[in-house]
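Okay, so here's the structure we're looking at.
When a residue number appears, it is its place in the shown sequence, counting from 1. Numbering of ligands and ligand atoms starts at 1, following listing order.
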Amino acid sequence: DAKARGRGAISVYDPAMDAAARDRRALEVDLRAAIERGEIGLLYQPVLTVDSGSIGSAEALARWTHPTRGPIKPDLFIAIAEESGLIVPLGRMLLRQACFDAATWPEHLSVAVNLSPVQFHAGDVQDTVVAALADSGLSPHRLKLEVTENVVIHDVERTFVALERLRAAGIKILMDDFGTGYSSLGYFRRFPFDEVKIDQSFVHELETSPAATAIIRAIVGLGEALGMAIVAEGVETCAQRDALVLAGCTHLQGYLFSRAVSSASIAALEASGLFDRVVL
Ligand code: C2E
Ligand code: MG
Ligand code: MG
Ligand code: MG
């Protein structure tokens, strides 16, 4: 409301707010149609393994090009999909697409798929995952699911039970954007995440903030003690890369190496050995 936005309680009617709400509603209508027509696609961003300097996996990132507005930011259309419940059919579609795409890649490459808390709490995540794996023929150990801290806050016990079942099936569970949400170290006591992705805000502050370096080192220490791989995302410069390798991050992802590319390009990039010397 107006108060929460820090503008006092005077402005009861805000035409700008009204326009923004109508705009969002219009986008929701277009998004629904785009989902029905299968127009939301996926690109894949390589994640490098520091030890080998090669691609170990790629993160599936949703892309929507609106017929008149052009590309819409995923942060925006995913949020609209979450508010409207459209994330359930959309998420199911994207998960299936990612599994079918990854099944065409070399065997040692995995795919990481982002899962929304809403998808989780709608209750059909497990069935969706099992069906996507069975239909695509992708082995469960080649699928990673990325969840944020926000997935856990609502119904902690139910969520961890669901995550445990998926993990028992051989799927890896990643904590995404770690350090920005309602972080609780207790989650790591309760659930053995396979990997933790350090939020890119820490990576971007590396050169200017001693606190960012200290936090990254602490997360790496936690990872080493608990057997979790540590991924740094948003790596844009060689200085960041060097600091992250020095701090002990095991995996790196960012524009320095590659933006998100088509499924076909993932296999090609990997075969080209382009990354062999990038990390070390
Ligand atoms: P995320 O899961 O944390 O994904 C990483 C984001 O960082 C991606 O933004 C990626 O393009 C961007 N990125 C990667 N390297 C760099 C870099 O070096 N510099 C900078 N500045 N950014 C970099 P993108 O594709 O715009 O996606 C934004 C968010 O939207 C994702 O954050 C994720 O939360 C959500 N999202 C995207 N695709 C999906 C999806 O299929 N399902 C769900 N539930 N959420 C998705
Ligand atoms: Mg992610
Ligand atoms: Mg992330
Ligand atoms: Mg994010």
Item to complete: Please check if the side chain of Thr250 supplies one atom and the backbone of Ile230 the other of a donor-acceptor pair under 3.5 Å.
Response: yes
Worksheet item: At a 4.0 Å threshold, what atoms of ligand 1 neighbour a non-hydrogen atom of Glu236?
Response: 17 (C), 18 (O), 19 (N), 20 (C), 21 (N)
Discussion item. Using a 4.0 Å cut-off to any heavy atom of Ser116, which atoms of ligand 1 qualify?
Written reply: 44 (N)
Discussion item. What verdict does the side chain to side chain donor-acceptor pair (under 3.5 Å) test give for Asp51 and Thr49, after you've listed the backbone C-alpha separation in whole Å, the side-chain angles of each residue and the deciding distance to 0.1 Å?
Written reply: CA-CA 6 Å; Asp51 281 346; Thr49 309; over 6 Å; no
Worksheet entry | Nearest option to atom 6 (C) of ligand 1, as decided by whichever heavy atom of Glu233, Lys73, Gln200 sits closest | Gln200
Worksheet entry | Arg63 and ligand 1 - part of the residue with a heavy-atom distance under 4.0 Å | side chain
Worksheet item: Salt bridge between Asp177 and Lys197, side-chain N to carboxylate O under 4.0 Å?
Response: no
Item to complete: State whether Tyr187 and Arg190 meet the cation-pi test: NZ (Lys) or CZ (Arg) under 6.0 Å from the six-membered ring centroid, and within 45° of the perpendicular axis.
Response: no
Discussion item. Measuring only between side-chain heavy atoms, which start at C-beta, is Cys249 closer than 4.5 Å to Ile198?
Written reply: yes
Worksheet item: What is the OE1(Glu146)-the Mg ion (ligand 2)-OE2(Glu59) angle, to the nearest 10 degrees?
Response: 90°
Worksheet, complete the sentence: To the Mg ion (ligand 3), the closest N, O or S atom belonging to Asp176 is OD1
Practice prompt. Measure from the ring center of Phe257 to the ring center of Tyr255 and say whether it is less than 6.0 Å.
Written response: no
Practice prompt. Tell me which part of Leu256 gets within contact of ligand 1: side chain, backbone, both or neither, using heavy atoms under 4.0 Å.
Written response: neither
Item to complete: Measure from the Mg ion (ligand 2) to each N, O or S atom of Asp177 and report whether any distance is below 2.8 Å.
Response: no
Worksheet item: Looking only at distance, does Gln253 have an N or O less than 3.5 Å from an N or O of ligand 1?
Response: no
Worksheet item: Quick one: does Gly234 get within less than 4.0 Å of ligand 1, heavy atoms only?
Response: yes
Practice prompt. Return yes or no for this condition: an N or O of Leu94 is under 3.5 Å from an N or O of ligand 1.
Written response: no
Practice prompt. Report the part of Val235 (side chain from C-beta onward, or backbone N, CA, C, O) that has a heavy atom under 4.0 Å from ligand 1; answer both or neither where that applies.
Written response: backbone
Worksheet item: Are the charged groups of Arg32 and Glu28 less than 4.0 angstrom apart, N to O?
Response: yes
Practice prompt. List every atom of ligand 1 that sits less than 4.0 Å from any heavy atom of Asp177, numbering the atoms from 1 in the order shown and giving each element.
Written response: 3 (O)
Worksheet entry | Close side-chain approach of Leu252 to Val47, heavy-atom, < 4.5 Å | no
Worksheet entry | Closest approach to the Mg ion (ligand 3) by Glu233, given as the N, O or S atom name | OE2
Worksheet item: So, is Asn114 placed with an N/O/S atom under 2.8 Å from the Mg ion (ligand 2), counting both backbone and side chain?
Response: yes
Worksheet entry | Residue Gln45 vicinity, atoms of ligand 1 by number, heavy atom under 4.0 Å | 14 (C), 15 (N)
Practice prompt. Assess Glu82 for proximity to ligand 1: is some non-hydrogen atom of it under 4.0 Å away?
Written response: no
Discussion item. Measuring from atom 44 (N) of ligand 1, which candidate in Leu90, Thr237, Asn114, Leu43 has the nearest non-hydrogen atom?
Written reply: Asn114
Discussion item. Is there a side-chain contact between Gln45 and Leu61 in this structure, where contact means two heavy atoms from C-beta onward sitting under 4.5 Å apart?
Written reply: yes
Worksheet item: Are any of the N or O atoms of Gln119 closer than 3.5 Å to those of ligand 1?
Response: no
Discussion item. Can you tell me which residue among Glu149, Glu195, Glu233 is in a side-chain contact (heavy atoms from CB on, under 4.5 Å) with Phe178?
Written reply: Glu149
Practice prompt. Salt-bridge test for Glu83 and Arg24: reply yes if a basic N is under 4.0 Å from a carboxylate O, no otherwise.
Written response: yes
Worksheet item: Side chain, backbone, both or neither: which part of Leu61 has a heavy atom under 4.0 Å from ligand 1?
Response: both
Worksheet entry | Electrostatic pair Lys144:Glu59 at N-O distance under 4.0 angstrom | no
